[in-house]
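Everything numeric in this text was worked out from a predicted model, so none of it was measured.
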Amino acid sequence: RPVYSSVLGGTVGLSWLGISVGILLFTGSARIEGTNHISMLWLWILSAFINTIMQEMLVRGYLYQMLKSNYNIGIAVIVSTGLFTFAHGGAFEAGVLPVLNVITMSLFVTAVLEYTDSLIAPIVIHFLWNGVGAIILGGVSLAEDYPHLFNMIISGNSILSGGSCKIEGSIIVLLMNLIFMVGFIMANKKKGKIYKS
């Protein structure tokens, strides 16, 4: 199961990020211009990985599981998504679309958790977004002190491109989040029907 969850998480995470960035590059809303030298790149990637593990363990590993077992899945989803969203408080300063992207990302990753019954896939998906999207591509905004290997330049319509929020403020990411969320909810329902037969 850990190998399956890792592979699924990697496939979903790279698809989610790759399709979002690919559409932005294709439409001219984003372009890559040059690279930066990052000393100890591995250490920055490790830092992003540890940060992701801690977030996922707190939100979906502990809080979500505790609320689900003590109350119900609805309460667990609402409270854990609320905490995850408020932990990404910068989105509130940026506008409605970035907030919706954080909320729908949390719901999508929670649907993956329910589908896999493992925290590994959510950790891998979240890490790929932060590690590859931010530290490698420079298209995701992490804390100011995180470097990025490539310089992703965002331009054009801010609803499409994400504007100052980079790809995390893009409607493309919102659509991808919704597609993956609905897909995993449907897959989970189908899985439930198979187990009941």
State the [atom1]-[atom2] distance between [X] and [Y], to the nearest 0.5 angstrom.
X	Y	atom1	atom2	answer
Thr52	His126	OG1	NE2	4.5 Å
Thr116	Lys191	OG1	NZ	7.0 Å
Ile172	Ile23	CD1	CD1	5.0 Å
Thr35	Asn151	OG1	CG	7.5 Å
Ser29	Met152	OG	CE	11.0 Å
Phe127	Ile45	CZ	CD1	6.0 Å

Tell me if a side-chain donor or acceptor on Thr81 pairs with a main-chain N or O of Ile78 at a distance below 3.5 Å.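 No, because the side chain of Thr81 does not come within donor-acceptor range (under 3.5 Å) of the backbone of Ile78.
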Between Lys166 (side chain only) and Ile154 (backbone N and O only), is there a donor and an acceptor less than 3.5 Å apart?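 Checked: no pair found.
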Less than 4.5 Å apart, any side-chain heavy atom of [X] and any of [Y]?
X	Y	result
Ile167	Leu17	yes
Glu56	Val109	yes
Leu113	Leu119	yes
Val173	Glu168	no
Val59	Tyr64	no
Phe108	Val12	yes

Identify the heavy atoms of [X] and [Y] that sit nearest to each other, and give their distance.
X	Y	answer
Gly13	Ile125	N-CG1, 3.9 Å
Met176	Ser20	CG-OG, 3.4 Å
Gly163	Ser161	N-OG, 3.1 Å
Ile159	Leu97	O-CD2, 3.8 Å
Pro98	Cys165	CG-SG, 3.6 Å
Ala91	Val102	CB-CG2, 4.0 Å

Over 60° means perpendicular and under 30° means parallel, so tell me whether Tyr4 and Tyr115 are parallel, tilted or perpendicular.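 The arrangement is tilted - the two ring planes meet at 30° to 60°.
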Once you measure the plane-to-plane angle for His88 and Phe84, does it fall in the parallel (<30°), tilted (30-60°) or perpendicular (>60°) bin?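 Because their plane-to-plane angle lies in the 30° to 60° range, the rings of His88 and Phe84 count as tilted.
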Do you reckon [X] sits in the same ILVMFWY cluster as [Y], going by side-chain contacts under 4.5 Å, direct or chained?
X	Y	result
Leu142	Met40	no
Leu46	Trp129	no
Leu41	Val132	yes
Ile73	Met66	yes
Ile179	Leu14	no

Pairing donors with acceptors under 3.5 angstrom, does anything connect the side chains of Arg60 and Ser80?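 No, no side-chain donor-acceptor pair sits under 3.5 Å.
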Are more than 12 heavy atoms, taken from residues, nucleotides or ligands other than Phe49, located less than 6.0 Å from that residue's CZ atom?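 Open.
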So does Met186 have more than 12 non-hydrogen atoms from other groups sitting under 6.0 Å from CE?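 12 or below, so no.
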